[in-house]
Amino acid sequence: MQWQQRLVALLIACCPFAEVGASPASASAFMRLAVVTEQGDTLVNEAVPAGGRWCIKWQHSVEHFTVLDCYRNAAGVMQLERSHQPDFAAGLGHIFGRGEQVSDGEGGYWINAINEPVTNNRYVLRVGSPAVNHRVVWPNGEHAPVSLSEHAAGQRVTIQLIDPHASPRE
């Protein structure tokens, strides 16, 4: 009987440490996509389940066509999944060994299977003018698009995938 009491006491004592060493991916299947300005204003704060996807959509400043950089929540890791580019314009193009380039059937191309983790689940973007119109879009339409250019043109924003219990930070 005494060993059972000791076992219960040990289990109770160890419970606070149960998550120690757990990876971000195991902590929560749901993450939040947050876009935060340098001043701390939150422009986007949406739930993203494991496997959930979103894109940064923008107009190329020289050629004026639409470019998509698409990401996913890969088990708690922000991952650049694919990119759509209608042309090989300035600053665009496929890099050999980084994904697979396939025709979009309309003269442009997708770079699929990039699958690159974004360091620390966050990156900084200098938001373009309203003509560039950087915006967050959801391929499956689960959330309304958000124009970052409308709210923060010319400013730096941090785009990050965060644990739902953490607060967005810059």
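Start at 1 with the first residue, then count along the sequence. Keep in mind that this is a model prediction, so the values were computed, not measured.
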**Q.** Selection residues 126-142 - residue pairs positive for salt bridge (Lys or Arg N to Asp or Glu O under 4.0 Å), sequence neighbours left out
**A.** none
Q.
Holding to side chain to side chain donor-acceptor pair (under 3.5 Å), I want the full list of residues that pass it with S129, two or more places apart in sequence or in another chain.
A. none
Q.
Restricting to side-chain contact (heavy atoms from CB on, under 4.5 Å), what partner residues turn up for E150, sequence neighbours left out?
A. S147
Q: Give the cluster check for V157 versus V137: same hydrophobic cluster or not, with ILVMFWY residues linked at side-chain heavy-atom distances below 4.5 Å.
A: no
Q: Please report the closest heavy-atom contact between L80 and V118, naming both atoms and the distance.
A: N-CG2, 4.2 Å
**Q.** Cluster check W110, F65: I/L/V/M/F/W/Y, side chain < 4.5 angstrom
**A.** no
Q | Set of side-chain contact (heavy atoms from CB on, under 4.5 Å) partners for A47, sequence neighbours left out | A | F30, R32
(Q) Distance check, rounded to the nearest 0.5 Å: Y71 atom OH versus I159 atom CD1? (A) 6.5 Å
Q. Looking at P117 and Q79, what are the two nearest heavy atoms and their distance?
A. N-CG, 4.0 Å
Q: With the side chain counted from C-beta on, respond yes when I56 and V67 share a heavy-atom pair under 4.5 Å apart, and no when they do not.
A: no
Q | side-chain contact (heavy atoms from CB on, under 4.5 Å) against S83, all qualifying residues, sequence neighbours excluded | A | D69, Q85, I114
Q. Does the side chain of I162 reach to within under 4.5 Å of the side chain of N121, using non-hydrogen atoms?
A. no
**Q.** Heavy-atom closest contact (L33 atom, L161 atom, distance)
**A.** N-CD1, 4.2 Å
(Q) Tell me whether V35 shares a hydrophobic cluster with Y123, the cluster being built from Ile, Leu, Val, Met, Phe, Trp, Tyr side chains joined at under 4.5 Å. (A) yes
Q: First locate atom CZ of R122, then atom CE of M78, and finally report the distance between them rounded to the nearest 0.5 Å.
A: 9.5 Å
**Q.** Test side-chain contact (heavy atoms from CB on, under 4.5 Å) applied to V136 and L43, step by step
**A.** CA-CA 10 Å; V136 179; L43 304 179; over 6 Å; no
**Q.** Distance, nearest 0.5 Å, that separates OG1 of T119 from CD of E116
**A.** 9.5 Å
Q. Does the side chain of V127 come within less than 4.5 Å of Q155's, by heavy atoms?
A. no
**Q.** Gap separating the CD atom of Q59 from the NE2 atom of H134, nearest 0.5 angstrom
**A.** 10.0 Å
Q.
Any non-hydrogen side-chain atom of N112 less than 4.5 Å from a side-chain atom of V102?
A. yes
Q) If Ile, Leu, Val, Met, Phe, Trp and Tyr residues are connected whenever their side-chain heavy atoms lie under 4.5 Å apart, and connections chain through other members, are V146 and V132 in the same group? A) yes
Q.
Contact between H143 and V44 at the side-chain level, heavy atoms closer than 4.5 Å - yes or no?
A. no
Q | Sequence-distant partners of H151, side chain to side chain donor-acceptor pair (under 3.5 Å), two or more places apart | A | none
**Q.** Side-chain (D104) to main-chain (E106) donor-acceptor, under 3.5 angstrom
**A.** yes
Q. To the nearest 0.5 Å, what is the distance between CH2 (W58) and OG1 (T66)?
A. 10.0 Å
Q) Where does the angle between the aromatic ring planes of W138 and W54 fall among parallel (under 30°), tilted (30 to 60°) and perpendicular (over 60°)? A) tilted
Q: First locate atom CZ of R82, then atom SG of C55, and finally report the distance between them rounded to the nearest 0.5 Å.
A: 7.5 Å
(Q) For R53, give me all partners under side-chain contact (heavy atoms from CB on, under 4.5 Å), at least two apart in sequence or on another chain. (A) R72, E81, P139
Q: Using atom types as modelled and distance alone, determine if a side-chain donor or acceptor of N73 lies under 3.5 Å from a backbone N or O of G52.
A: no
